[in-house]
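Computed over heavy atoms, backbone and side chain alike; hydrogens, waters and symmetry mates excluded. All values derive from a computational prediction rather than experimental measurement.
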Amino acid sequence: MLAVRLPEGHGLPEAAVLQLRDHFESCQFSIGGHLSPWPTYTSGQTILHNRKPCSYDYRKRAGSWQQQPLGTTKPRYLEQLENYLRKELLLLDLSTDSAQELRLQPYREIFEFFIEDFKTYKPLLSSIKNAYEVMLAHQREKIRALEPLKAKLVTMNEDCNERILAMRAEERYEISMLKKEKMNLLKLIDKKNEEKISLQSEVSKLRKNLAEEYLHYLSERDARKILIADLNELRYQREDMSLAQSPGIWGEDPVKLTLALKMTRQDLTRTQMELNTMKANFGDVVPRRDFEMQEKTNKDLQEQLDSLRDDYEEVCKEHELLLQLHMTTLKERDQFYSELQEIQRTSTPRPDWTKCEGVVAGGPDRWQMLAEGKNSDQLVDVLLEEIGEGLLREKDFFPGLGYGEAIPSFLRFDGIVENKKPTKKDVVNLLKDAWKERLVEEQKEKFPDFFFNFLENRFGPGDAMAWAYTIFENIKLFRSNEVMSQFYALLMGKRSESVYIKQKETVVQLLKEMTNADSQNEGLITMENLSTALKSTFPFKREERIQQLMEAGGWHSNSSNADLLNYHSLFIEDEEGQSMPFVQKLWEQYMDEKDEYLQELKQELGLELHDKVTLPKVREALMNIDPGLDKQTLNSYLSQAFQLPMTELPEEGEEKEEGIVEQLQIALEQLQMIDLRRMGPREQEPAS
């Protein structure tokens with residue numbers, strides 16, 4: 001017995017439903033108990049079962065059905081299902097992308113109704129439905145997997161179309177250009193052909209003219225010959241006529257004429273003999289003028305020969321020297337090549353600094369900023385600072401260094417102190433505040449003691465030692481930072497406070513000179529004003545170093561003197577206390593000039609570093625290399641070099657030759673600590 005279930009919301013009365021269900025049950029089974037599928041039309045057409053046509057049962061039952069056709073009308077249940085399907089299909093929105101999925105849903109529901117109602121075929125129908133659902137899910141997954149490929153294919157299609165269009169446009173442009181070039185070449189060929197035809201006509205015309213001229217000159221030649229013959233004939237006739245008209249010549253005495261002829265023949269014979277004698281005697285003789293000329297030429301050639309012989313001998317000597325040098329060079333080359341091979345075999349390769357980009361905090365951009373303009377040694381320092389910074393932040397405490405005499409006074413502590421872990425910016429700001437307070441007070445106490453008192457006033461006695469160790473470890477690590485390195489040198493006694501103070505005063509003086517040059521008070525000056533301010537502030541600085549400062553300030557070879565410069569930007573510091581390249585170049589030049597000054601002093605003394613030097617010799621050497629030194633500055637240099645108070649220095653002329661002695665290296669190291677600079681030009685060079 002089949003249970004027929006109608007869709008929800010069918011709207012039929014209960015009696016009609018029962019009648020429809022009975023009618024369906026009575027009409028849906030054919031002969032032999034097999035289900036005959038709908039439709040079976042009233043014309044007697046019968047729908048065959050879904051069986052294999054080759055089976056015997058199929059042929060037998062088909063014959064029986066043909067003999068007994070069913071003329072049953074369409075069941076109400078089927079009409080209700082069709083109406084429900086039609087209604088659901090009309091309610092669907094088929095404009096979306098998933099229209100086919102939505103269209104399948106009503107058919108799925110109808111099929112589920114069949115499965116639920118035909119319980120006998122429910123397992124088979126469910127397996128069919130599940131098989132189709134699995135296949136549909138598989139197809140959806142394949143479609144979903146192919147969607148990115150489709151989008152990529154569309155994108156590649158668009159790119160290829162754009163490339164094809166671009167190539168076609170380029171080809172069209174090239175074709176148009178080639179066509180234009182072809183037309184130009186055709187015009188040029190036509191022009192050349194016209195010129196060729198014109199030249200050919202001109203050549204034929206010239207040949208014709210040449211033939212005419214040739215015939216003309218040929219006739220002229222013949223006429224000239226005839227004229228010359230006529231002239232000769234006329235001359236001969238004139239001579240005959242003149243001889244015929246002078247009979248006196250033939251009337252002279254024949255004896256006299258014979259005698260005259262005899263004498264003339266004798267003179268001719270004698271002259272001929274003299275001529276032969278002259279030829280025999282002076283046949284090999286040349287004129288004096290030619291002889292002198294040849295003698296002069298010979299002398300010049302002899303001098304040239306001597307000069308060339310000397311040059312040849314010198315070239316031979318040079319050739320021998322070059323051969324020796326060549327042999328020496330070959331030996332050196334072989335030696336260097338062997339050394340190179342040995343170095344390549346034993347030495348380590350140059351480091352690949354790009355590997356640090358992924359290790360340093362901040363990535364490749366920060367590493368490129370840190371590594372810009374630095375050599376391998378400086379890059380090692382930068383890398384050590386980065387590594388040390390990470391290790392320093394991992395430390396929570398510092399061990400105390402004790403109370404030894406070699407320990408700086410602000411670090412004398414026995415125990416463990418806390419690491420305050422400030423940022424680099426905080427350390428720089430703290431050091432700047434310490435400098436400001438140091439410049440305000442009278443500087444009676446030593447700098448390390450002042451620094452510890454400053455920390456006690458800032459953080460209290462309890463945290464002062466912790467901050468002292470923290471600041472010391474940071475400034476000892478970050479040597480590339482300008483503020484920290486200078487502060488570390490002062491705390492460790494490697495540099496005097498006067499160096500820092502004088503450098504600040506110099507920068508302030510230079511800024512004042514630039515401000516005075518800014519007549520409009522706009523913060524802008526010309527490159528010429530910058531050069532003038534530098535030369536005014538540093539009157540003894542060489543021209544090439546003035547040029548270096550201008551280049552650090554922004555001047556280039558293609559810049560003009562009228563270019564404007566924002567001079568305030570030259571003195572800006574970043575948040576970590578780093579100065580601009582202009583101020584850094586000032587400091588570098590100051591240190592270079594100090595080294596040059598001390599080197600001149602060493603050369604003037606003419607001693608080695610381990611030799612002893614007396615105070616009078618140092619005084620004399622300083623006055624020689626820097627005649628512009630005043631007495632007070634000279635005494636301050638001597639006091640620092642020999643570690644004597646200025647009141648105990650002997651006056652000039654009162655020193656004993658062997659009185660005050662110091663090792664030269666120690667004296668130079670002491671002078672390196674203080675502010676040392678040239679006070680005037682040397683005697684042989686004018687002031688700039």
If you apply the rule salt bridge (charged side-chain N to carboxylate O under 4.0 Å, His left out), what do you find for Glu596 with Arg542, and how did you get there? CA-CA 13 Å; Glu596 292 175 2; Arg542 293 199 295 268; 3.6 Å; yes
Would you say the side-chain atoms of Asp518 pair up with the backbone N or O of Gly523, donor to acceptor, closer than 3.5 Å? yes
For Leu629 versus Tyr597, what's the shortest heavy-atom pair and its separation? CD1-OH, 3.7 Å
Please determine whether side chain to side chain contact (heavy atoms under 4.5 Å, CB included) holds for the pair Tyr637 and Leu622, giving the CA-CA distance in whole Å, both sets of side-chain angles, and the decisive distance to 0.1 Å. CA-CA 9 Å; Tyr637 290 173; Leu622 286 172; 4.1 Å; yes
Taking atom types as modelled, is there a side-chain donor on Thr297 or Asp300 under 3.5 Å from an acceptor on the other? no
Taking it one step at a time, do Met527 and Met550 satisfy side chain to side chain contact (heavy atoms under 4.5 Å, CB included)? CA-CA 8 Å; Met527 287 298 175; Met550 292 185 65; 4.2 Å; yes
Any Phe413 side-chain heavy atom under 4.5 Å of Tyr469 side chain: yes
Applying the salt bridge (Lys or Arg N to Asp or Glu O under 4.0 Å) test to Glu593, which of Lys541, Arg677, Arg678 qualifies? Lys541
So do Leu530 and Tyr567 actually touch side chain to side chain, heavy atoms under 4.5 Å? no
Could you measure the distance from the CG atom of Asp396 to the CG atom of Asn419? Nearest 0.5 Å is fine. 7.0 Å
Is the shortest heavy-atom distance from the side chain of Lys420 to the side chain of Asp463 under 4.5 Å? yes
Any donor and acceptor pair, going by atom type alone, linking the side chain of Ser496 with main-chain N or O of Val499 inside 3.5 Å? no
Note: Leu510 and Ala533 closest approach over all heavy atoms is CD1-O, 3.9 Å
Smallest separation among heavy atoms of Arg619 and Asn635, with atom names: NH1-OD1, 3.7 Å
Does some side-chain heavy atom of Gln304 sit less than 4.5 Å from a side-chain heavy atom of Leu301? yes
Interatomic distance, CD@Gln670 vs CD@Gln640, rounded to 0.5 Å, equals 5.0 Å
Heavy-atom side-chain contact between Met580 and Ser569 under 4.5 Å: no
Donor-acceptor check, side chain of Ser409 to backbone of Pro448, threshold 3.5 angstrom: yes or no? no
Is it the case that the side chain of Thr515 and the backbone of Leu511 share a donor-acceptor pair, with hydrogens and angles ignored and the cut-off at 3.5 Å? yes
With sequence neighbours excluded, residues passing ring-ring contact (aromatic ring centres under 6.0 Å, His included) with Phe447: Trp435, Phe450, Phe487
Looking at Met484 and Lys424, what are the two nearest heavy atoms and their distance? CE-CG, 3.4 Å
Any cation-pi pair here, Lys476 with Tyr488, using under 6.0 Å and within 45°? no
Is Lys331 paired with Asp334 through a side-chain N to carboxylate O contact shorter than 4.0 Å? no
Check the pair Leu586 / Phe538 against side chain to side chain contact (heavy atoms under 4.5 Å, CB included), numbers first and verdict last. CA-CA 11 Å; Leu586 279 176; Phe538 307 104; 3.6 Å; yes
Could you tell me whether the side chain of Asn298 and the main chain of Gln294 form a donor-acceptor pair under 3.5 Å? no
Would you find more than 12 non-hydrogen atoms of other residues, nucleotides or ligands less than 6.0 Å from Lys504 atom NZ? no
Other residues, nucleotides, ligands: >12 heavy atoms within 6.0 Å of Ile407 CD1: yes
I want to check something: taking the side chain as every heavy atom from C-beta on, are Glu573 and Lys432 in contact at a cut-off of under 4.5 Å? yes
Quick one: does Leu401's side chain get under 4.5 Å of Asp414's, heavy atoms only? no
Considering all heavy atoms, the nearest Asp630-Met679 contact: OD2-CE, 4.4 Å
Stepwise side chain to side chain contact (heavy atoms under 4.5 Å, CB included) test for Thr526 and Asn529: CA-CA 5 Å; Thr526 63; Asn529 296 141; 2.8 Å; yes
Among Gln341, Arg333, Gln335, side chain to side chain donor-acceptor pair (under 3.5 Å) partner for Tyr337: Gln341
Verify the neighbour count for atom CE of Met293: are there more than 12 heavy atoms of other residues, nucleotides or ligands below 6.0 Å? no
When rounded to the nearest 0.5 angstrom, what distance separates CG in Leu430 from CD1 in Ile471? 4.5 Å
Lys585/Glu588 under salt bridge (charged side-chain N to carboxylate O under 4.0 Å, His left out): CA gap, chis, key distance, verdict: CA-CA 5 Å; Lys585 179 60 69 174; Glu588 291 175 5; 3.5 Å; yes
Of all heavy-atom pairs between Leu601 and Ala621, which one has the smallest distance, and what is that distance? CD1-CB, 3.5 Å
Taking salt bridge (Lys or Arg N to Asp or Glu O under 4.0 Å) as the definition, give me every residue that meets it alongside Lys594, ordered by chain and number, with sequence neighbours left out. none
Verify, without hydrogens or angle tests, whether Asn457 (side chain) and Asn453 (backbone) share a donor-acceptor contact under 3.5 angstrom. yes
Spatial distance of atom CD (Gln509) from atom OG1 (Thr537) [nearest 0.5 Å]: 5.5 Å
How many angstroms lie between CG in Leu549 and CZ in Phe582, if you round to the nearest 0.5 Å? 5.5 Å
Begin with the C-alpha distance, continue with both residues' side-chain angles, and end with the deciding distance and a verdict on salt bridge (charged side-chain N to carboxylate O under 4.0 Å, His left out) for Arg309 and Asp306. CA-CA 5 Å; Arg309 186 179 289 109; Asp306 295 338; 3.1 Å; yes
Is there a donor-acceptor pair closer than 3.5 Å between any side-chain N or O of Ser307 and the backbone N or O of Glu303? no
Can you tell me how far CD of Gln486 sits from CD1 of Ile475, rounded to the nearest 0.5 angstrom? 11.5 Å
Looking at Lys512, I want to see if its NZ is surrounded by more than 12 non-hydrogen atoms of other residues, nucleotides or ligands under 6.0 Å. no
For atom CD of Glu332, is the number of surrounding heavy atoms from other residues, nucleotides or ligands below 6.0 Å larger than 12? yes
Quick one, Gln663 and Asp611 - any side-chain contact, counting heavy atoms below 4.5 Å? no
For Gln584 and Glu482, run side-chain hydrogen bond (donor to acceptor under 3.5 Å, both in side chains): C-alpha distance rounded to whole Å, both residues' side-chain angles, the deciding distance at 0.1 Å, then the answer. CA-CA 9 Å; Gln584 292 180 6; Glu482 183 179 341; 4.7 Å; no
Look only at the side chain of Gln589 and the backbone of Arg545, and say whether a donor-acceptor pair between them is shorter than 3.5 Å. yes
